[in-house]
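Comments concern the structure below.
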Amino acid sequence: MTTPSIRRLRILDSHTGGEPTRVVLDGMPDLGPGSVADQLARFRNQYDTYRSAIVNEPRGSDVLVGALLVPPSDPTCVCGVIFFNNVGYLGMCGHGTIGLMVTLFHLGRIQPGTHRIETSVGIITATLNPDGSVSVANVPSYRKQKAVPIQVPEIGTVHGDLVWGGNWFFLVDSDRWELDLKQIDTLTEVTWRIRKAVNAQGYPEVDHIELFGPPQNPKAHSRNFVLCPGKAYDRSPCGTGTSAKLACLAADRKLEENAEWIQESILGSQFRGSFQWLDRTARTISPRVTGTAFVTGEATLLLNAEDPFCWGIRT
Ligand code: PYC
């Protein structure tokens with residue numbers, strides 16, 4: 001028996017409102033110089049097999065979001081981060097940033113206070129609050145189009161808003177579907193159909209579909225169901241999805257600047273959101289989303305070149 005060639009990747013797992021994040025600390029090939037966006041391009045073009053190895057089965061699952069720590073090009077940032085999932089890369093990730101902050105604190109790399117983080121879609125700030133919660137000031141967010149009609153096979157016409165919240169969302173406000181955990185299969189099927197129809201009808205950039213309905217907790221303002229790009233649903237209220245919702249509420253003058261919006265997930269976990277105007281004419285806001293995360297594991301992934309599933313199971 002020969003000694004296999006094994007690459008070791010050090011990881012920390014956490015969850016934010018039920019949605020998991022796997023922070024990769026080291027062990028990756030060098031992604032070279034430049035901004036986080038430059039490094040993401042090299043990750044995607046040259047080392048995408050690592051993405052699959054880290055988050056897909058047999059080491060991960062469809063719901064897992066990876067967060068690779070990389071050197072920031074902006075020296076005022078505490079780190080750079082590349083977010084990814086079972087099918088590709090995310091621009092920003094709100095629950096992932098909350099998980100990352102709690103992980104960095106767990107490692108003793110940051111203290112409570114405000115820290116700048118470079119992502120592939122811009123610099124964000126994240127505050128580790130004295131009570132352990134994390135507030136993320138996300139990238140500028142805005143609604144591009146309101147009430148876009150989409151013909152969805154076997155469902156009919158669905159109207160939704162096309163919104164940037166660090167990822168592209170299609171937001172549907174409707175009481176047509178019961179937003180309850182027992183309905184996960186139906187909700188997944190409905191949103192997947194909507195996603196395909198939205199993409200086919202002129203909006204290929206949209207990769208998150210978000211349904212809104214009344215909350216179950218009377219303290220919350222709304223409940224959501226968010227379908228992520230690889231067909232897994234977000235267990236958390238989705239940080240970028242909540243940012244997108246805030247952009248719509250701001251544009252419709254349904255929420256005042258700095259007023260609180262409590263967004264409930266399909267699990268019942270909550271994010272607290274608010275916004276500040278960046279440009280009232282362009283209806284662009286700076287969203288702020290607060291949530292909590294818990295570290296769930298510390299491990300070393302072993303990538304054995306002789307393992308037939310070394311690079312993950314791609315579906
Ligand atoms: O929290 O922004 C988020 C997010 C995006 C995909 C999964 N979670």
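We use all heavy atoms of the structure for the numbers below, so side chains are in, but hydrogens, waters and symmetry mates are not. In listed order, ligands and their atoms are each counted from 1.
- Looking at Lys146 and Asp252, a side-chain N of the basic residue comes within less than 4.0 Å of a carboxylate O on the acidic one, giving a salt bridge.
- Residue Ser236 has no nitrogen or oxygen atom sitting less than 3.5 Å from a nitrogen or oxygen atom of ligand 1, judged on distance alone.
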For residues 81-93, dump all side-chain donor-acceptor pairs below 3.5 Å to protein atoms at least two apart in sequence or in another chain.
{"from": "Asn85", "atom 1": "OD1", "to": "Val87", "atom 2": "N", "distance (Å)": "3.0"}
{"from": "Asn85", "atom 1": "OD1", "to": "Gly88", "atom 2": "N", "distance (Å)": "2.9"}
{"from": "Asn86", "atom 1": "ND2", "to": "Gly230", "atom 2": "O", "distance (Å)": "3.2"}
{"from": "Tyr89", "atom 1": "OH", "to": "Asp48", "atom 2": "OD1", "distance (Å)": "2.7"}

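- If you look at Thr240 next to ligand 1, the close heavy atoms, those under 4.0 Å, come from the backbone and the side chain alike.
- Note: an N/O pair closer than 3.5 Å links Gly94 and ligand 1 by distance alone.
- Ring pair Trp277/Phe275 is perpendicular by interplanar angle, where above 60° counts as perpendicular and below 30° as parallel.
- Between Lys245 and Glu210 there is no salt bridge, since no side-chain N of the basic residue sits under 4.0 Å from a carboxylate O of the acidic one.
- Against a heavy-atom cut-off of under 4.0 Å, His208 is close to the following atoms of ligand 1: 5 (C), 6 (C).
- Across Val289 and Ser243, no two heavy atoms sit closer than the pair CG2-OG, 3.9 Å.
- Among all protein heavy atoms, the one lying closest to atom 7 (C) of ligand 1 is Asp234 OD2, 3.2 Å.
- The atoms of ligand 1 that sit less than 4.0 Å from any heavy atom of Gly239 are 1 (O), 2 (O), 3 (C).
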